[in-house]
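Following: one structure in structure tokens, then a few remarks.
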Amino acid sequence: MRFENQLVHGTLIRRYKRFLADVKLDNGTEVIAHCTNSGSMKSCLEEGAEVYLTPVDDPKRKTRFTWEMIKINNDWVGINTSVPNKLAFDAVSSGIITELSGYTLVKREVQFGDSRFDIYAENEKEKCFIEVKNVSMKEGEYALFPDAVTTRGRKHLKTLMQVKAEGIRAVMLYVIQRGDVGIFAPAKEIDPAYAETLKEAFDAGVEILPMQVKVTPQSIDFTRKLPYEL
């Protein structure tokens with residue numbers, strides 16, 4: 001995925017009210033950027049760090065910028081939670097991810113039961129529901145999810161188990177937007193209930209697919225599948 005517009009460079013002053021961040025641009029101007037990440041942003045929030053923003057030309061928007069990434073440990077970490085869905089849809093549609101290739105029909109936001117999944121795909125052999133989650137939290141060499149308690153995330157896992165029980169392929173796709181990690185795991189200390197439900201889902205046949213991406217100011221692209229521990 002290449003950014004359509006050139007990103008704007010600056011330094012983070014502070015993040016506040018969950019969805020807002022004050023940023024000082026290189027020309028000295030201070031602006032307010034929209035932060036799509038509603039979580040704690042633990043391990044990817046550092047005041048004074050370099051950031052990149054997307055300029056937004058929309059008179060209906062109160063903020064004129066969207067926060068895309070932050071430089072942590074000398075590497076870019078993607079924090080825009082809307083990016084993984086687009087990345088995943090494009091990847092499944094084009095067959096970039098080997099484990100999710102070969103589908104002839106790919107749709108976004110498809111209902112199953114009382115949940116709406118990010119991606120639905122099918123071919124002449126099978127149907128597949130895919131839920132996509134953004135991962136930006138790090139602890140040691142581990143990429144961890146979630147960074148805050150998520151009842152919605154647990155609901156998705158339970159519905160994926162229902163999908164699998166009906167003989168339909170069910171995949172939990174974690175998009176890891178940082179390169180300084182090598183293993184994926186649930187954040188048991190933050191949300192033990194989610195970690196337990198993820199293990200139940202795995203035992204029920206739901207596939208776990210942690211995919212790492214390379215984040216740069218020009219593009220974000222899938223690089224490799226990470227091993228995981230439950």
In Å, rounded to the nearest 0.5 Å, how long is the span from [atom1] of [X] to [atom2] of [Y]?
{"X": "Lys199", "Y": "Leu157", "atom1": "NZ", "atom2": "CG", "value": "13.5 Å"}
{"X": "Ile72", "Y": "Lys138", "atom1": "CD1", "atom2": "NZ", "value": "11.0 Å"}
{"X": "Thr197", "Y": "Leu160", "atom1": "OG1", "atom2": "CG", "value": "11.5 Å"}
{"X": "Asn85", "Y": "Leu173", "atom1": "CG", "atom2": "CG", "value": "9.0 Å"}
{"X": "Tyr52", "Y": "Trp76", "atom1": "OH", "atom2": "CH2", "value": "5.5 Å"}
{"X": "Ile32", "Y": "Ile13", "atom1": "CD1", "atom2": "CD1", "value": "10.0 Å"}

Taking all non-hydrogen atoms of both residues, which atom of [X] and which atom of [Y] are closest, and how far apart?
{"X": "Ala49", "Y": "Lys71", "value": "CB-O, 3.6 Å"}
{"X": "Ala121", "Y": "Val92", "value": "CB-CG1, 4.2 Å"}
{"X": "Leu45", "Y": "Ser40", "value": "CD2-O, 4.3 Å"}
{"X": "Trp67", "Y": "Asn80", "value": "O-CB, 3.9 Å"}
{"X": "Asp147", "Y": "Gly39", "value": "OD1-CA, 3.5 Å"}
{"X": "Val8", "Y": "Pro55", "value": "CG2-CD, 4.1 Å"}

Same cluster (ILVMFWY, side-chain, under 4.5 Å), [X] and [Y]:
{"X": "Phe202", "Y": "Tyr174", "result": "yes"}
{"X": "Ile176", "Y": "Ile183", "result": "no"}
{"X": "Val175", "Y": "Ile79", "result": "no"}
{"X": "Ile208", "Y": "Tyr142", "result": "no"}
{"X": "Ile220", "Y": "Leu209", "result": "yes"}

Worksheet entry | Pair Arg61-Thr63, side-chain donor/acceptor within less than 3.5 Å |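 Yes, a side-chain donor-acceptor pair sits under 3.5 Å.
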Worksheet item: Using a distance-only test with no angle check, is there a side-chain donor-acceptor pair under 3.5 angstrom linking Thr81 and Asn37?
Response: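 Checked: Thr81/Asn37 side chains show no N/O donor-acceptor pair below 3.5 Å.
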Check whether any side-chain N or O of [X] sits under 3.5 Å from a backbone N or O of [Y] as a donor-acceptor pair, and report yes or no.
{"X": "Arg116", "Y": "Glu109", "result": "yes"}
{"X": "Asn27", "Y": "Thr29", "result": "yes"}
{"X": "Gln111", "Y": "Gly113", "result": "yes"}
{"X": "Thr223", "Y": "Gln212", "result": "yes"}
{"X": "Glu207", "Y": "Met172", "result": "no"}

With sequence neighbours left out, which residue pairs that include part of [range] fulfil the salt bridge (Lys or Arg N to Asp or Glu O under 4.0 Å) condition?
{"range": "residues 78-92", "value": "Lys86-Asp90"}
{"range": "residues 6-30", "value": "Arg14-Asp22"}
{"range": "residues 98-108", "value": "Glu99-Lys225"}

Worksheet item: Taking it one step at a time, do Val106 and Ile119 satisfy side chain to side chain contact (heavy atoms under 4.5 Å, CB included)?
Response: CA-CA 7 Å; Val106 183; Ile119 298 173; 3.8 Å; yes
Show every donor-acceptor pair shorter than 3.5 Å between a side-chain atom in residues 127-137 and any protein atom, with sequence neighbours excluded, or say none if there are none.
residue, atom, partner, partner atom, Å
Glu131, OE1, Asp118, N, 3.4
Glu131, OE2, Lys133, NZ, 3.3
Glu131, OE2, His156, ND1, 3.3
Lys133, NZ, His156, ND1, 3.2
Asn134, OD1, Gln177, NE2, 2.6

Practice prompt. Could you walk me through whether Phe145 and Phe184 pass the ring pair (Phe, Tyr, Trp, His ring centres under 6.0 Å) test, one step at a time?
Written response: CA-CA 8 Å; Phe145 181 89; Phe184 170 79; 7.4 Å; no
Fill in: Salt bridge flag under 4.0 Å for residues Lys60 and Asp58
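No, no charged N to carboxylate O under 4.0 Å.
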Discussion item. Could you work out, with side-chain hydrogen bond (donor to acceptor under 3.5 Å, both in side chains) as the rule, every residue matching Tyr103, not counting sequence neighbours?
Written reply: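 Result, side-chain hydrogen bond (donor to acceptor under 3.5 Å, both in side chains) vs Tyr103: Glu126, Arg169.
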Worksheet item: What residues, two or more places apart in sequence or in another chain, satisfy side-chain hydrogen bond (donor to acceptor under 3.5 Å, both in side chains) together with Asp114?
Response: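 Once residues adjacent in sequence are excluded, Asp114 has no partner under the side-chain hydrogen bond (donor to acceptor under 3.5 Å, both in side chains) criterion.
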Fill in: Any Val206 side-chain heavy atom under 4.5 Å of Met161 side chain
yes
Worksheet item: Is the shortest heavy-atom distance from the side chain of Ser43 to the side chain of Arg178 under 4.5 Å?
Response: yes
Practice prompt. Hey, can you tell me if Phe117 and Phe112 have their rings parallel, tilted or perpendicular (30° and 60° cut-offs)?
Written response: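 Correct class here is tilted.
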Worksheet entry | More than 12 heavy atoms from other groups under 6.0 Å of CZ on Phe222 | yes
Worksheet entry | Lys214 NZ: over 12 foreign heavy atoms closer than 6.0 Å | no
Discussion item. Could you go through Met211 and Val213, starting from their C-alpha distance and side-chain angles, then the distance that decides it, and tell me whether this counts as side chain to side chain contact (heavy atoms under 4.5 Å, CB included)?
Written reply: CA-CA 7 Å; Met211 295 295 301; Val213 299; 5.8 Å; no
Practice prompt. With side chain to side chain contact (heavy atoms under 4.5 Å, CB included) as the test, would you mind laying out the steps for Asn5 and Asp57 before giving the verdict?
Written response: CA-CA 11 Å; Asn5 300 314; Asp57 185 17; over 6 Å; no
Practice prompt. Dump the intermediate steps for side chain to side chain contact (heavy atoms under 4.5 Å, CB included) on Met69 and Leu7, then the final yes or no.
Written response: CA-CA 10 Å; Met69 62 190 72; Leu7 303 189; 3.9 Å; yes
Discussion item. Under the side-chain contact (heavy atoms from CB on, under 4.5 Å) test against Phe65, which residue among Val51, Val56, Leu25 passes?
Written reply: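 Testing each of Val51, Val56, Leu25 against Phe65, the sole residue satisfying side-chain contact (heavy atoms from CB on, under 4.5 Å) is Leu25.
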